[in-house]
There are 2 protein chains.
Amino acid sequence: MSVPEAPDLLPDERRERVLRAVRRHGTVRVNDLAQMLGVAAITVRRDIALLARRGLLRRVHGGATLPHDESATGTSADHSQRAHGEPPADAAIEDPGTSPGRASRSLTLGMVVPSLDYYWPDVIRGVREAAAGSSARVVLRGATYEAADERQQLTRLVEAVGVDGLLVAPTTTGPEGEELVRWLETSAVPIVLVERAATVGPYGEAMESVVSDHVNGAAMAVRHLAGLGHQRVGLTATAGSPTTPHVRRGWQKACDELHLRLDGVPDLRTMDHRDPSWPDTVNEIIDACLASSTTALLVHSDPEAISVVERCQERGIDVPTDLAVVAYDDQVAALCDPPLTAVRPHREAIGRAAVSLLTARLHDSTGDRPAHSVVVGPQLIVRDSSVPAGG
Amino acid sequence: MSVPEAPDLLPDERRERVLRAVRRHGTVRVNDLAQMLGVAAITVRRDIALLARRGLLRRVHGGATLPHDESATGTSADHSQRAHGEPPADAAIEDPGTSPGRASRSLTLGMVVPSLDYYWPDVIRGVREAAAGSSARVVLRGATYEAADERQQLTRLVEAVGVDGLLVAPTTTGPEGEELVRWLETSAVPIVLVERAATVGPYGEAMESVVSDHVNGAAMAVRHLAGLGHQRVGLTATAGSPTTPHVRRGWQKACDELHLRLDGVPDLRTMDHRDPSWPDTVNEIIDACLASSTTALLVHSDPEAISVVERCQERGIDVPTDLAVVAYDDQVAALCDPPLTAVRPHREAIGRAAVSLLTARLHDSTGDRPAHSVVVGPQLIVRDSSVPAGG
DNA sequence: ACATATTCGATCATAAACGAACATATGTGA
DNA sequence: TCACATATGTTCGTTTATGATCGAATATGT
């Protein structure tokens, strides 16, 4: 369950979100929305009243639902004529160039993700939305980070469930990873890797994949900080994460390009914030910055970033004046005080793109469709932890 | 202090930036913009009001968002077509009858390619096919490799033809390239780069693009040759081509990975086969291979590869026994005798993917769709110029 | 039906955003 | 140089957005 998201939105943006929530879930409760949007219930009510007046949704006691007949009102530009009851699909539906009369047997897509509590829920949401938009069904399996487990899940999905294609976020590092990829290669159904990439075959052809451009994401953070005048930008990243190597590469690349010094600048790999040793680690991180007069720090995973900022404040180090902090990942970064500047991989877009890619392949009739890889650019959300003035 | 920027811009430039910010982020806040642009809030407000009057964005309390029916009015509304008296701005009060959802209005896509006689016809075919599949219209313009020319074409497409989006294969190298990219950034319509990539903005965000993975394409060729036992794999590539750097990088990378020697191995950049000096160049290429006992050669552009093979045969050098040849590009490679093994960038797929990407963006209603880049994997077509016996 | 728990909405208070009017540049052309 | 248009910033009163309070209205369970 995601934390109450509280980036202060424009009134109009908020209403847009209310509308999206209604379309996605069919019905919404005032209080849920209020909590989610970080505003008072009365505000949500007023929003709903406004939207209802425009015919965009229907007010009911306790919340709102989809309007009964949308086409009659005609006031909505972007979503009309959706039969009520079927929520979704303001998603980007990528039509794979198939002609309209194509056999539209509804597809079943299998998805295996390494965890269900971090990062992936948003990806899954994107998958769900996009799948609903092309009336495909999604069968979800959560695996641990053990490759054997993943193979079991995958086998089941293909053989027992009979999915038409797979979205897989597998372990691709280490020996089991290699083996898993080789196993995937032999799969009977098309596969799209999600947030992973791999090459297969004797010549090292690329597998189909959808990934965030973490390299450029990290580079963007560095460029932002360099633009603010910082000469020494440090990095700390959780050792276990698959994205860490990419973040580090992007950080290095951008520092090189901008001729920022790297000698002595912290480049740390740490446990994550749930590890018992974390409190000590935070101090070490901060000490390393102080010792090397590093004035800006990119912190992989926003919970860790929040932790660093809090400790800085306890130690009398002002953020952003003494140390500018940018979080890599934007799940909870907005909730910190001050709100953290963060690089946000667009997780829903990843999910949507993965479905697009897989359905495009499944609909391909030519048979010589080459492997497509989609790279989704992260966004840099500038908040207060990096810029001195107000925001 | 000096946050992102402070250079005082021309009013018009500033408005372009406002517009760009809205297009990039979906919504913007007056205060954020004011700070970013280094002007007072009232100025931003006035800009927003002006732009809203032209229908280029929608005013909301606290900022601005994308206009509701962007594709309908936004692009060509500027001068032609529309009487001055009627600001289409309040088309925000949607016309009920005409637009029952944005998907219905057929799109017009503009495309500018650097040439019409090599490589691009197949890309264009892919574009045409995909566009027809989603009943979009394509307006094509050929430009030379001069950036000024491209800008003229692009301006015309946007302002006179009124395209909804652009597929552009621009010059992105050299100073004109930089400038062109900056110009593209301010464009009023979404853009997808084709076979090019670029980053924009203060943080270097990626532009939307569709490219062939020439790096891995070349690497695949090397892996193929290494798999056949070759220890020294040379490269020759035409100096003028934009793909050459990628091919070279892939070749180097694969050689490194496979621990193939690079010292003394030919790494040549040449004129193309229409240059008067080409016949001499071919001999030099072959001589370089003989001199360094290089037994395999990757040749950029298949006409050049054919030429090399023919000369080899004239000189009594057997292909593939004495020298294995792989062509990079597969337009005419199959017609050689022996047929050439070739790396084939899937040009039609490039075109199709570009249309998919652009239409997906044009249909996006959320406004926070991040930049997607599609990387299409080339295929290695193994023929007789690399494998000795029956392949 | 009754009791209880929510939910709703009128009203007021506060904060932020807005815009009219005026003031101050910064050019531009006679 | 002056007259004049344009562009921008400042002040201040007005409008909009939001939250808190509290009595009324609406569900829900017995």
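Here the structure is a predicted model, which means the values were calculated and not measured. In the text below, chain A, chain B and the rest are named by the order of the sequence lines, each starting its count at 1.
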Q: Can you check the A/R29 CZ to C/dT6 C1' distance for me, whole Å?
A: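 So the CZ-C1' distance, A/R29 to C/dT6, works out to 12 Å.
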
Q: For a 4.5 angstrom cut-off between non-hydrogen side-chain atoms, does A/L225 reach A/S386?
A: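 A/L225 vs A/S386: side chains touch.
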
Q: Along nucleotides 9-26 of chain D, 5' to 3', which nucleotides get a B, which get an S, and which get a -, given that the test is a protein heavy-atom distance under 4.0 Å?
A: BB-----SSBB------S

Q: Quick test of your reading of the model: are B/R361 and B/D164 salt-bridged, counting only N-O distances below 4.0 Å?
A: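 Salt bridge flag = no for B/D164 with B/R361.
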
Q: For C/dT7, does either OP1 or OP2 sit under 4.0 Å from a side-chain N or O belonging to A/N31?
A: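 Indeed, a polar side-chain atom of A/N31 lies that close.
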
Q: For A/H273, what residues pass the side chain to side chain contact (heavy atoms under 4.5 Å, CB included) criterion, not counting sequence neighbours?
A: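 Checked A/H273 against side chain to side chain contact (heavy atoms under 4.5 Å, CB included); matches are A/W278, A/P303, A/E304.
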
Q: Rounded to the nearest 0.5 Å, what's the gap from CD on A/E16 to CD on A/E13? Could you check?
A: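 It comes to 9.0 Å.
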
Q: Once you round it to whole Å, what is the distance between P of C/dC18 and CG of B/L33?
A: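 Result: 11 Å.
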
Q: Taking the side chain as C-beta and beyond, is there a heavy-atom pair between B/E205 and A/L380 under 4.5 Å?
A: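 Heavy-atom side-chain distance check fails, nothing below 4.5 Å.
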
Q: Without decimals, in angstroms, what is the distance between A/E13 CD and C/dA17 P?
A: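 Atom-to-atom, A/E13 to C/dA17, this comes out as 13 Å.
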
Q: Partners of A/I317 by side chain to side chain contact (heavy atoms under 4.5 Å, CB included), sequence neighbours excluded?
A: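 A/I317: side chain to side chain contact (heavy atoms under 4.5 Å, CB included) contacts with A/I286, A/L290, A/C312, A/R315, A/D322, A/L323.
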
Q: Any side-chain N or O of A/R59 below 4.0 angstrom from OP1/OP2 of C/dG9?
A: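 The answer is yes; a side-chain N or O of A/R59 sits under 4.0 Å from OP1 or OP2.
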
